[in-house]
Amino acid sequence: MTHEAGIPLGIRFKLLSDTAQDSAAQVVNDVVVGDYRDLDTLRRFAEGCDVITFDHEHVPTEHLRALEADGVPVRPGPEALVHAQDKGVMRARLTELGIPAPRNRIVSSPEDVAAFAAEGDGFPVVLKTVRGGYDGKGVWVVRGVGDPAAAEPFKAGVPVLAEEKVDFARELAANVVRSPHGQAVAYPVVESIQVDGVCDTVIAPAPGLAEDAAVRAQETALRIANELGVVGHLAVEMFETEDGRLLVNELAMRPHNSGHWTQDGAVTSQFVNHLRAVLDLPLGDPRCRAPWTVMANVLGGDYPDMYAPYLHCMARDPQLKIHMYGKDVKPGRKVGHVNVYGDDLADLRERAAHAAGYLRGTVVE
Ligand code: ADP
């Protein structure tokens, strides 16, 4: 989808991909299949690139530092990106900046987890491996002393972060884009609805969000982007509590699922603005094109061929925007998303949920 954003600008991509079947490898012309964890591969790949950016955050920080030392422009740079790679580093920095977040501490054993709980409001406690998690993988909820979940995260041999389990009213995302010039834009704050730890639906803008809270969320995201020196798209995932607090949960420094709605619902999509920022071009208007946009993720289900259900979805809803990723369908895997925009939120939610369910195979008519 970032490649697609580059086409009208005449920007050519060279892609480092794990396999030739990856989504981006199916559409980019110049593909190198290789391992992003291998510095020699990265160095060879970087030759001839004007600038390097990412669609995931797992390239080792030390390799990115080495590329920078070689003189390769890496955006976002490793000193910013490490805050999206390592939840421990991110939490420490947000504390330093005085940005509200769940109470947290690095822990080293189940006994340590019990001590952390006792220092606060007790259990439940959320444990997270500091690196490598996604879509709820790498996150455990510990309900009390002796809960076997307390031992799980320590098996991976990486540092573990303990957090208070926030009793949030809902999850929000404040998405901003920042360029090396220091220009920045803020998208409307969205609500993100998770099912089984996976993002299911995003509503733009977040329904009923008070204007002062929306501004506070946008200002927080812009401040984080500026303090951390982020270049490109930054998603700041937040918890909103009943009493109106906004606590930062996660950072992502790349086009993000909470920004997929912008492809159809905003004047400039997150992909276009990410690309413009990475190239230090002026940024595009982030405002909404309609009062509401709803994005629903399509998860892999029973259909090995996701294209067969197009007939029904397209005929039922000519305004529906379908974005499929060309991935092999595996149950529960994100294989695409749909967007709808307009004036009637309830109607848009029904249509987005119907299409996502039909494409998955859980809705049959
Ligand atoms: P990842 O995105 O790496 O899977 P997150 O830190 O975003 O991990 O956690 C995944 C989900 O788990 C969040 O979207 C939220 O629903 C829940 N969660 C994470 N941390 C907390 C917390 N401290 N309190 C309550 N729920 C949490």
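Atoms within a ligand are numbered from 1 in the order they appear, just like the ligands themselves. Numbers for residues simply follow the sequence, beginning at 1.
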Do [X] and [Y] meet the criterion of a side-chain donor-acceptor pair at a distance under 3.5 Å?
X	Y	answer
Y325	H337	yes
D264	H323	yes
D200	N297	no
T61	Q85	yes
S179	H181	no

- [ ] Each residue besides V215 in its hydrophobic cluster should be listed here, by chain and number; the cluster joins Ile, Leu, Val, Met, Phe, Trp and Tyr at side-chain heavy-atom distances under 4.5 Å.
- [x] none

Where on [X] is there a heavy atom closer than 4.0 Å to ligand 1, on the side chain, on the backbone, on both, or on neither?
X	answer
E237	side chain
V126	side chain
E163	side chain

Heavy atom of the protein closest to [atom] (residue, atom name, distance):
atom	value
atom 24 (N) of ligand 1	V166 N, 2.9 Å
atom 4 (O) of ligand 1	G136 N, 2.5 Å
atom 21 (C) of ligand 1	F239 CZ, 3.5 Å
atom 3 (O) of ligand 1	K87 NZ, 2.7 Å
atom 16 (O) of ligand 1	E171 OE2, 2.7 Å
atom 9 (O) of ligand 1	V139 CG2, 3.8 Å
atom 26 (N) of ligand 1	F168 CE2, 3.5 Å
atom 20 (N) of ligand 1	K128 NZ, 3.0 Å

Task: Which atom of I203 lies closest to which atom of R349, heavy atoms considered - done: CD1-NH1, 3.6 Å

Open item on the list: Pairs of nitrogen or oxygen atoms closer than 3.5 Å, one from N249 and one from ligand 1: do any exist?
Closed with: yes

Open item on the list: Suppose I only count heavy atoms of E164 and a 4.0 Å limit; which atoms of ligand 1 are within that range?
Closed with: 22 (C), 23 (N), 24 (N)

TODO: Have a look at E171 and tell me which of Q194, E250, E240 forms a side-chain contact (heavy atoms from CB on, under 4.5 Å) with it.
DONE: Q194

Open item on the list: Within the protein, is there a heavy atom lying under 4.0 Å from atom 11 (C) of ligand 1?
Closed with: no

Open item on the list: So, using side-chain hydrogen bond (donor to acceptor under 3.5 Å, both in side chains) as the criterion, who are the partners of R223 when residues are at least two apart?
Closed with: none

